[in-house]
Novice: 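This is the structure I want to talk about, given as structure tokens.
Note that the structure is predicted; figures quoted are calculated from it, not measured. Letters A, B, ... mirror the listed sequences (proteins, then strands); counts begin at 1.
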Protein chains: 2
Amino acid sequence: MADLVYRKILADLKQRIQNDEFPTQKLPDERSLMVEYDVSRSTVKRALNIMANQGIIFKKRGSGTFINPLYQKNQTIFQYEGSNLGVTDSFKSDGKIPSIKLLEFRVIPANEELQTELFLNPGDFVYEIKRLRSFDDQPFMIELGYIPIKVAPGLSVETVEGSIFNFLEGSTGKTVTKSFMTIAAAPSTPEDQELLNLKPVEPVGIMEGIFFLDDGTPFEVSNMRLHYKYLNYNTFVNLDENG
Amino acid sequence: MADLVYRKILADLKQRIQNDEFPTQKLPDERSLMVEYDVSRSTVKRALNIMANQGIIFKKRGSGTFINPLYQKNQTIFQYEGSNLGVTDSFKSDGKIPSIKLLEFRVIPANEELQTELFLNPGDFVYEIKRLRSFDDQPFMIELGYIPIKVAPGLSVETVEGSIFNFLEGSTGKTVTKSFMTIAAAPSTPEDQELLNLKPVEPVGIMEGIFFLDDGTPFEVSNMRLHYKYLNYNTFVNLDENG
DNA sequence: TTGGATAATTGGACCGTATCAATTTATAAA
DNA sequence: TTTATAAATTGATACGGTCCAATTATCCAA
């Protein structure tokens with residue numbers, strides 16, 4: 001995986017940026033990099049394009065390639081990168097111990113909305129999994145997930161009390177690297193307040209996600225209600241939509 | 001701009017997907033598309049890669065390229081694409097009339113945080129712009145923005161009562177297509193409740209963004225407090241980070 | 001010294017080729 | 001029929017080249 005040429009260049013350039021090896025905030029031009037790394041210009045461009053899409057660098061034709069000062073100076077905001085999709089991993093634990101309490105686990109027929117979102121047929125069944133996640137006994141999220149039985153037939157109570165993504169990867173080798181997310185906010189319901197230990201005026205953050213297998217199969221629909229202090233979503237938006 | 005080959009293919013394929021011209025959910029293979037459009041395979045791959053990064057298609061080596069069923073069936077959630085960064089444009093108005101009320105407009109020295117985020121030096125000045133945005137007299141967002149005077153020296157009250165991005169583009173030709181966004185939620189303050197017409201239990205969504213010019217210059221730091229019903233952020237997450 | 005034309009620099013777009021790797025399909029053997 | 005093997009399919013990686021467009025640097029003339 002990591003022995004790809006463009007990935008090595010990518011990793012190396014990121015490292016060199018962090019090491020402040022480009023004090024002028026300007027990277028060498030593409031033709032120099034091509035000689036330096038002894039690769040073709042296409043490969044250089046590939047690595048640079050990925051960094052540009054991640055907001056690490058800006059490219060300006062005729063002028064050069066420049067480092068996003070924020071990436072260097074304030075990489076705390078950029079640490080969204082490299083995060084995992086699974087909640088277990090993506091909410092940085094800061095040494096706190098994550099735990100899962102299973103609130104509900106059953107099989108139900110997929111309603112119309114789930115049929116649309118998970119691309120199921122009428123009569124297909126899904127697992128309904130409701131879980132409460134905590135860090136050090138401080139609950140921070142109510143997770144209501146739906147998974148078609150036909151894509152994960154072997155789900156058990158023990159599995160569901162841990163990371164479903166890890167189970168999936170271990171049992172089938174498939175990984176979940178893509179999702180469609182919707183982020184919103186709402187006043188907390190009495191149930192939210194009880195489970196997440198919230199005051200009535202304190203809201204919840206809502207993250208709804210449809211997670212896909214690598215081949216595009218919708219794998220899970222998840223509705224996550226978060227203690228508002230834990231909703232902190234960072235993203236770099238680039239409307240150029242170039243590759 | 002739109003006469004680029006890969007963009008034409010991109011637009012055409014999107015259209016054909018919407019027109020349901022691929023009922024098997026499978027696109028022609030890259031070599032066929034290359035013949036069909038009479039372009040090189042590199043150009044085909046470029047267009048397909050962009051669509052894959054947008055979540056429109058999934059590619060599977062050895063198997064083919066497949067349409068994300070959600071893109072076709074439920075394109076409402078995908079309508080984030082093609083949106084503009086400027087708030088005036090990006091919040092879909094549904095025929096409602098957007099308006100801006102200027103609450104505050106002054107020049108202040110940049111504090112330490114602003115110096116970091118906008119990459120300024122001690123002593124540099126910024127505009128502080130506080131605005132209330134509405135649709136049909138229904139306020140939905142309090143916007144507190146900071147813009148360095150040296151990147152937009154000509155800001156006037158009239159300008160600031162309209163779209164700053166449009167003014168910028170008109171006066172300098174520079175466009176804003178990149179931003180770093182942080183999304184959160186919080187209980188509403190008394191000021192929020194008054195300006196946004198919220199009940200005490202109703203929260204606000206918070207979007208903080210650093211907007212960049214095309215050359216990477218940080219242009220604006222904006223703190224947006226939204227009526228919670230208007231916070232609805234959609235995004236496709238792809239951890240493959242390929243170009 | 002300055003202004004404008006000219007050249008050099010630098011990233012963008014596109015083409016075309018070769019080889020590899022994952023998957024599916026076809027074929028042959030048990 | 002089932003199973004193992006080989007072939008065809010299909011996207012991924014990487015190389016190389018040509019021409020163009022935006023920007024910056026250079027240089028000459030007024």
Side-chain angles (χ1 to χ4, degrees), chain A residues 1-11 13 22 24-53 56-67 172-175 177 213-217 238 240-243, chain B residues 1-11 13 22 24-53 56-67 172-175 177 213-217 238 240-243:
Chain A
M1 163 73 100
D3 57 346
L4 298 180
V5 179
Y6 77 89
R7 283 193 178 276
K8 280 193 290 193
I9 297 176
L10 192 65
L13 283 176
F22 308 107
T24 60
Q25 305 295 314
K26 184 175 179 178
L27 260 57
D29 68 281
E30 296 181 350
R31 289 158 180 91
S32 303
L33 289 172
M34 151 183 152
V35 173
E36 182 178 340
Y37 286 109
D38 193 26
V39 297
S40 72
R41 187 157 163 233
S42 324
T43 303
V44 170
K45 288 183 89 69
R46 182 169 192 166
L48 292 180
N49 278 332
I50 292 173
M51 287 200 280
N53 280 332
I56 298 173
I57 58 173
F58 292 89
K59 297 189 289 182
K60 194 112 211 274
R61 169 158 60 178
S63 180
T65 303
F66 303 89
I67 300 169
T172 70
K174 293 174 188 293
T175 55
T177 56
L213 300 181
D214 301 325
D215 60 1
T217 309
N238 185 348
D240 276 349
E241 65 169 336
N242 295 316
Chain B
M1 163 71 100
D3 57 345
L4 298 180
V5 179
Y6 76 90
R7 283 192 178 278
K8 280 193 289 193
I9 296 176
L10 193 64
L13 284 177
F22 308 107
T24 61
Q25 305 295 315
K26 184 175 179 177
L27 260 58
D29 68 280
E30 295 181 352
R31 289 159 179 90
S32 302
L33 289 172
M34 149 184 150
V35 174
E36 182 178 339
Y37 286 108
D38 193 26
V39 297
S40 73
R41 187 148 167 239
S42 324
T43 303
V44 170
K45 290 183 87 69
R46 183 171 192 164
L48 291 180
N49 278 333
I50 293 173
M51 287 200 279
N53 280 332
I56 298 173
I57 58 174
F58 292 89
K59 297 189 287 182
K60 194 107 207 277
R61 169 158 58 180
S63 180
T65 303
F66 303 89
I67 300 167
T172 72
K174 293 175 189 289
T175 56
T177 56
L213 300 181
D214 302 325
D215 61 1
T217 310
N238 184 350
D240 275 349
E241 63 170 338
N242 296 315

Novice: To the nearest Å, give me how far apart CE (B/Met34) and C1' (C/dC15) are.
Specialist: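 Answer to the nearest Å: 10 Å.
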Novice: For the side chain of A/Ser40, starting at C-beta, report the closest nucleotide among C/dG11, D/dG11, D/dC15.
Specialist: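 Nearest to the side-chain atoms of A/Ser40, counting from C-beta on, is D/dC15.
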Novice: From the set C/dG16, D/dA12, C/dG11, return the single nucleotide nearest to any side-chain atom of A/Lys59.
Specialist: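 Closest nucleotide to the A/Lys59 side chain: C/dG11.
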Novice: Kindly say if B/Ser63 contacts the phosphate of C/dA22, meaning a side-chain N or O under 4.0 Å from OP1 or OP2.
Specialist: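 Answer no for this pair, as no side-chain N or O of B/Ser63 is under 4.0 Å from OP1 or OP2.
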Novice: Quick check for you: among C/dC14, D/dA12, D/dA14, whose closest atom lies nearest to any side-chain atom of A/Leu4?
Specialist: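 When the side chain of A/Leu4 is considered, D/dA14 is the closest of C/dC14, D/dA12, D/dA14.
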Novice: From CZ of B/Phe66 over to P of C/dT23, roughly how many Å is that when rounded to an integer?
Specialist: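 Checked: the CZ to P distance equals 11 Å.
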Novice: Could you tell me if the side chain of A/Leu4 sits less than 4.5 Å from the side chain of A/Leu10, heavy atoms only?
Specialist: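 When only atoms from C-beta onward are counted, A/Leu4 and A/Leu10 do not touch, as no gap falls below 4.5 Å.
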Novice: Between P on D/dT23 and CG on A/Asp29, what's the gap in Å once rounded to a whole number?
Specialist: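 About 17 Å, once rounded to whole Å.
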Novice: From CG of A/Leu33 over to P of C/dT9, roughly how many Å is that when rounded to an integer?
Specialist: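 About 16 Å, once rounded to whole Å.
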Novice: Describe the nucleic acid contact of A/Lys60 in one word from base, sugar-phosphate, nothing, applying a heavy-atom distance below 4.0 Å.
Specialist: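 Answer is sugar-phosphate: A/Lys60 comes under 4.0 Å of backbone atoms only.
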Novice: Grab the CG-C1' distance between B/Asp214 and D/dA22 for me, whole Å please.
Specialist: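 Going from B/Asp214 (CG) to D/dA22 (C1'), I get 13 Å.
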Novice: Regarding A/Ser42, tell me which of base, sugar-phosphate or nothing describes its non-hydrogen contacts under 4.0 Å with the strands shown.
Specialist: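 Here A/Ser42 touches the bases of the nucleic acid.
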Novice: In the structure I gave you, are the side-chain heavy atoms of B/Ile50 and B/Tyr6 within less than 4.5 Å of one another anywhere?
Specialist: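 B/Ile50 vs B/Tyr6: side chains touch.
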Novice: Just wondering, do A/Ile9 and A/Leu33 contact through their side chains at under 4.5 Å, heavy atoms?
Specialist: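 Of all side-chain heavy-atom pairs linking A/Ile9 with A/Leu33, none is under 4.5 Å.
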Novice: I want to verify a distance call: between C/dT10, D/dT13, D/dG11, whose nearest atom is closest to the B/Arg61 side chain?
Specialist: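 For B/Arg61, the side-chain atoms sit closest to D/dG11.
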Novice: So which one's nearest nucleotide on DNA chain D is more toward 5', A/Arg31 or A/Gly62?
Specialist: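 So the residue in question is A/Arg31.
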Novice: Nearest-nucleotide wise, let me know which of B/Gly64 and A/Arg41 is further upstream toward the 5' end of DNA chain D.
Specialist: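 Looking at DNA chain D, the more 5' nearest nucleotide goes with B/Gly64.
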Novice: Verify side chain to side chain contact (heavy atoms under 4.5 Å, CB included) between A/Lys59 and A/Asn49, making sure each step is shown before the conclusion.
Specialist: CA-CA 9 Å; A/Lys59 297 189 289 182; A/Asn49 278 332; 2.2 Å; yes
Novice: Please report the distance, rounded to the nearest Å, between CG in A/Leu10 and C1' in D/dT13.
Specialist: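 From A/Leu10 CG to D/dT13 C1': 15 Å.
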Novice: Starting at atom NZ of B/Lys26, determine the distance to atom C1' of C/dT23, rounded to an integer number of angstrom.
Specialist: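 Atom-to-atom, B/Lys26 to C/dT23, this comes out as 10 Å.
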Novice: How long is the gap from CD1 on A/Ile67 to CG on A/Leu27, to the nearest 0.5 Å?
Specialist: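 Going from the CD1 atom of A/Ile67 to the CG atom of A/Leu27 covers 5.0 Å.
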Novice: Reckon A/Tyr6 has a side-chain N or O less than 4.0 Å from the OP1 or OP2 of D/dT13?
Specialist: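 Yes, because at least one side-chain N or O of A/Tyr6 sits under 4.0 Å from OP1 or OP2 of D/dT13.
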Novice: In whole Å, what is the span from the NZ atom of A/Lys45 to the C1' atom of D/dG16?
Specialist: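 About 14 Å, once rounded to whole Å.
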Novice: When you check the phosphate oxygens OP1 and OP2 of D/dT13, does a side-chain N or O of A/Thr43 lie under 4.0 Å from one of them?
Specialist: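 Negative; the distance criterion is not met.
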